[in-house]
Amino acid sequence: MDLLCCETTETECRAYADPALLGDDRVLQNLLKTEERYAPSSSYFECVQRDISPLMRKIVAEWMLEVCEEQKCQDEVFPLSMNYVDRFLSICPIRKSQLQLLGTACLLLASKLREPSPLTAEVLVFYTDNSITLDDLWRWEQLVVSKLKWELSAVTPGDFLMHILSRLPVPRTWDPVMVRRHAQTFIALSARAPER
């Protein structure tokens with residue numbers, strides 16, 4: 001008997017979309033309610049952060065996106081890590097020299113939550129050109145978890161994607177995989193855009 005092991009293939013095994021869940025409006029309503037709980041303050045640059053600018057956030061976000069792309073992370077990792085960054089910046093002032101460290105810690109946490117094989121701390125330190133240490137990264141991982149009060153399973157735009165796409169009157173001539181890819185690209189672009 002031949003067994004198909006996911007470890008030997010290039011793509012990860014993913015669960016099929018459940019039509020019962022996608023068609024139930026209660027699931028979508030619960031996502032919307034839960035999303036509000038994890039939404040960062042939209043004015044943290046004026047109220048909390050004194051040393052960080054929207055441009056600095058954008059630069060770090062672009063670096064984080066590049067890491068995710070090079071490491072072939074799941075589509076959910078980058079938006080979730082940016083949710084952590086924004087929520088942290090909404091409540092805790094930091095120096096600009098700490099912004100990449102924050103982004104690295106958030107990438108580590110998001111990959112642990114959403115990746116079958118998470119990014120390692122060593123790989124992430126390498127991507128910073130060794131400008132941070134493993135000890136720094138682990139301390140900041142603990143700091144982020146603490147400041148976010150262990151609320152790490154945030155709802156991100158990707159969680160809505162299949163619910164929205166299943167409700168759209170998409171022409172049959174469109175490739176559903178391509179529509180989903182384009183939507184995921186827009187999600188990544190919006191997550192890296194600076195907060196206003």
Side-chain angles (χ1 to χ4, degrees), residues 28-69 71 73-115 118-119 121 124-125 127-128 131-161 163-164 183-196:
L28 188 57
Q29 291 305 316
N30 283 336
L31 281 172
L32 288 166
K33 280 185 221 163
T34 307
E35 181 191 35
E36 291 174 16
R37 206 167 104 204
Y38 298 109
S41 166
S42 61
S43 61
Y44 65 77
F45 287 114
E46 294 87 28
C47 302
V48 180
Q49 298 303 325
R50 299 290 175 230
D51 207 22
I52 307 288
S53 71
L55 179 60
M56 292 175 196
R57 180 204 175 272
K58 183 179 181 186
I59 291 167
V60 168
E62 287 173 352
W63 171 80
M64 292 167 66
L65 181 58
E66 285 176 24
V67 171
C68 288
E69 288 173 346
Q71 289 296 305
C73 292
Q74 300 284 329
D75 293 321
E76 299 91 358
V77 172
F78 175 67
L80 183 60
S81 64
M82 290 310 301
N83 176 277
Y84 296 163
V85 166
D86 289 330
R87 286 170 50 208
F88 185 92
L89 292 175
S90 295
I91 57 175
C92 189
I94 64 171
R95 296 185 309 274
K96 61 184 167 187
S97 62
Q98 298 170 316
L99 188 56
Q100 187 177 33
L101 179 53
L102 171 63
T104 307
C106 292
L107 273 176
L108 182 61
L109 288 165
S111 75
K112 285 180 178 181
L113 198 68
R114 297 282 176 117
E115 280 289 332
L119 298 170
L124 289 169
V125 167
Y127 273 102
T128 68
S131 65
I132 65 172
T133 66
L134 285 172
D135 285 340
D136 290 337
L137 180 53
W138 290 325
R139 275 197 313 276
W140 271 72
E141 180 185 26
Q142 291 174 345
L143 178 64
V144 170
V145 167
S146 169
K147 292 291 183 183
L148 298 183
K149 298 182 170 113
W150 287 87
E151 296 281 343
L152 300 178
S153 52
V155 174
T156 63
D159 296 322
F160 291 97
L161 189 55
H163 292 276
I164 293 169
Q184 288 167 329
T185 299
F186 287 124
I187 289 169
L189 288 172
S190 66
R192 73 175 244 285
E195 292 290 315
R196 289 198 167 67

Under the criterion side-chain contact (heavy atoms from CB on, under 4.5 Å), which of Val67, Leu107, Leu65, Asp86 is the partner of Ser81?
-> Leu107
Grab the two heavy atoms, one from Leu108 and one from Ala121, that are nearest each other, plus how far apart they are.
-> CD1-N, 4.1 Å
Counting only N and O atoms by type, is there a donor-acceptor contact under 3.5 Å from the side chain of Arg87 to the main-chain atoms of Glu151?
-> yes
Here the ring-ring contact (aromatic ring centres under 6.0 Å, His included) pairs for residues 92-112, sequence neighbours left out, are none
Trp63 side chain vs Tyr127 backbone, donor-acceptor pair below 3.5 Å | yes
Is the shortest heavy-atom distance from the side chain of Trp140 to the side chain of Gln98 under 4.5 Å?
-> yes
Are any side-chain N or O atoms of Glu141 and backbone N or O atoms of Leu109, one a donor and one an acceptor, separated by less than 3.5 Å?
-> no
Working to the nearest 0.5 Å, report the span between SG of Cys106 and CG of Leu152.
-> 9.5 Å
Any chance you could measure Gln100, atom CD, to Thr128, atom OG1, to the nearest 0.5 Å?
-> 5.5 Å
What distance separates Arg95 CZ from Asp51 CG, expressed to the nearest 0.5 Å?
-> 8.5 Å
From Arg114 atom CZ to Gln74 atom CD, the distance as rounded to the nearest 0.5 Å | 10.0 Å
Indicate yes or no: at least one non-hydrogen side-chain atom of Arg139 is less than 4.5 angstrom from one of Asp135.
-> yes
Are there more than 12 heavy atoms of other residues, nucleotides or ligands under 6.0 Å from atom CZ of Arg50?
-> yes
So which heavy atom on Gly103 is nearest to which on Val85, and how close?
-> CA-CG2, 4.1 Å
Does the side chain of Leu102 come within less than 4.5 Å of Leu89's, by heavy atoms?
-> yes
Qualifying residues under side chain to side chain contact (heavy atoms under 4.5 Å, CB included), relative to Cys92, sequence neighbours excluded = Phe88, Lys147
Looking only at heavy atoms, which two atoms of Ala110 and Val77 are closest? And how far apart?
-> CB-O, 3.5 Å
Nearest 0.5 Å, what's the CD1-OG1 distance between Ile132 and Thr104?
-> 4.0 Å
